[in-house]
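These numbers come from a predicted model, not from an experiment. Sequence lines set the chain letters: A, B, ... in the order given, protein chains first and strands last, and positions in each chain run from 1. Side chains are part of it too, since the values below use all heavy atoms of this structure and drop only hydrogens, waters and symmetry mates.
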There are 2 protein chains.
Amino acid sequence: MITNNSGLKEVIASRGLKPTAQRIIILDHLARNMKKHLTAEQIHGAMRKKTPMLSLTTVYNTLNSFVDAGLVTALTITGTEVRYEYTTVSHHHLLCKHCGRIIDIEIQCPNAERKSINGYRVDEVHGYFKGVCRDCMNKEHNQ
Amino acid sequence: MITNNSGLKEVIASRGLKPTAQRIIILDHLARNMKKHLTAEQIHGAMRKKTPMLSLTTVYNTLNSFVDAGLVTALTITGTEVRYEYTTVSHHHLLCKHCGRIIDIEIQCPNAERKSINGYRVDEVHGYFKGVCRDCMNKEHNQ
DNA sequence: TGCATGTTTGGAATGATTACAAACAACAGC
DNA sequence: GCTGTTGTTTGTAATCATTCCAAACATGCA
Ligand SMILES: [Mn+2]
Ligand SMILES: [Mn+2]
Ligand SMILES: [Zn+2]
Ligand SMILES: [Zn+2]
């Protein structure tokens with residue numbers, strides 16, 4: 001498990017944000033969990049061990065800054081809380097109605113790269129499915 | 001403007017729900033606004049004129065029942081509140097970041113009808129874009 | 001050293017939604 | 001017509017994610 005913090009500071013600065021200690025550790029945590037889709041609360045909770053003084057408000061501030069700067073994507077799939085991930089490459093997701101996880105879906109989509117539709121300007125493309133993941137289907141089956 | 005309430009009572013009953021007065025007027029309102037995507041608050045506000053005693057809680061209860069019964073679709077696009085529409089035919093949307101409207105997008109999508117993906121069971125397909133609608137682009141242009 | 005600017009912090013406020021318990025309505029059996 | 005049962009409606013209180021706010025901090029620069 002190699003700590004690859006190098007570059008995070010530069011990544012943050014490159015978007016015109018000050019690379020503060022808080023922003024670095026939050027982006028580091030997101031970078032170490034690239035395939036997960038974390039809530040602000042989860043990020044704050046994971047941080048409490050190493051940095052107990054980090055406030056939840058700062059986590060929210062930081063995530064909002066990252067999203068505005070185009071570093072992080074915010075997903076509003078569940079309707080109850082925002083999930084964040086360290087990428088801005090558009091891709092699809094599946095929300096499992098059993099375990100609540102959000103899972104990346106590798107799928108071709110002819111609309112994923114569109115910049116306009118019917119004369120509307122398109123800035124973001126979001127595609128997701130709601131259903132049941134494989135793990136949960138197996139659990140159901142074996143019970 | 002013809003009042004076409006006929007059938008709503010039957011539609012509600014056909015899903016195993018009692019066709020109460022409240023449920024009928026709420027579904028009627030949704031049916032009259034087929035292309036809009038309303039919040040519970042908007043529905044409640046529109047109702048206040050004719051039915052001032054209808055409670056916001058009942059609007060929520062009713063909408064949740066309709067969604068569970070497969071009569072109504074809930075959209076969690078903005079992240080701040082749920083939008084409801086009287087259809088369950090899967091289609092795409094555009095959220096205008098200027099005026100906040102959600103607009104139906106007629107577009108072909110090869111994934112819109114999928115029932116499974118990578119071994120996952122798929123129950124719902126959601127696709128939407130964030131951008132700027134034509135009205136708002138014109139306003140920007142003319143200012 | 002002192003100032004200006006941007007960031008962090010905790011606590012209070014906000015706002016959408018749900019929980020809850022009491023009042024109601026519809027209906028079947030007596 | 002009463003009575004019990006069941007599901008619905010209602011108002012109020014509670015919940016929970018997120019934002020607001022003002023004070024404390026940090027950083028870099030005159
Ligand atoms: Mn993802
Ligand atoms: Mn629609
Ligand atoms: Zn699952
Ligand atoms: Zn618009």
Of the nucleotides D:dT8, D:dG11, C:dT9, which one has an atom closest to the side chain of B:Thr57?
-> D:dG11

Can you find a side chain N or O atom of B:Tyr60 that sits less than 4.0 Å from OP1 or OP2 on C:dT17?
-> yes

Can you tell me how far P of C:dG15 sits from CD of B:Gln42, to the nearest Å?
-> 15 Å

Could you state the CG-P distance from A:Leu56 to D:dA17, rounded to the nearest angstrom?
-> 9 Å

Send over the distance from B:Arg23 CZ to D:dT8 C1', rounded to a whole Å.
-> 7 Å

Flag yes if more than 12 heavy atoms outside A:Lys36 fall under 6.0 Å of its NZ atom; otherwise flag no.
-> no

So, the side chain of B:His126 versus the backbone of A:Lys130: is there a donor-acceptor pair under 3.5 Å, distance only?
-> no

Whichever of A:Asn64 and B:Leu17 has the more 5' nearest nucleotide on DNA chain D, that residue is B:Leu17

Round to a whole Å and report the spacing from CG of B:Asp68 to C1' of C:dT18.
-> 14 Å

Between B:Tyr84 and B:Val67, is any pair of side-chain heavy atoms under 4.5 Å apart?
-> yes

What is the nucleic acid contact for A:Thr20, judged by heavy atoms within less than 4.0 Å: base, sugar-phosphate only, or nothing?
-> sugar-phosphate

Return the nearest nucleotide to the side chain of B:Asn61; candidates are D:dT9, C:dT9, C:dA16.
-> D:dT9

Do B:His92 and A:Asn111 get their side chains close enough for a donor-acceptor pair, meaning under 3.5 Å?
-> no

Take the angle between the ring planes of A:His37 and A:His91 and call it parallel below 30°, perpendicular above 60°, tilted in between.
-> tilted

In whole angstrom, give the distance that lies between atom CG of A:Leu75 and atom P of D:dA17.
-> 17 Å

Tell me: CE of A:Met53 to P of C:dT9, nearest whole Å?
-> 8 Å

Taking only the side-chain heavy atoms of A:Thr62 (C-beta and beyond), determine which of C:dT17, C:dT8, C:dC20 contains the nearest atom.
-> C:dT8

Which whole-number value in Å describes the distance from A:Lys18 NZ to C:dT8 P?
-> 9 Å

With a 4.0 Å cut-off on heavy atoms, is A:Thr39 in touch with a base, just the backbone sugar-phosphate, or nothing at all?
-> nothing

May I ask you to evaluate whether A:Thr58 reaches the phosphate of C:dT8, defined as a side-chain N or O under 4.0 Å from OP1 or OP2?
-> no

Take the protein atom OH of B:Tyr84 and the nucleotide atom P of C:dA16, then report the distance between them rounded to whole Å.
-> 12 Å

Which nucleotide sits closest to the side chain of A:Gln22: C:dT17, C:dT8, C:dA19?
-> C:dT8

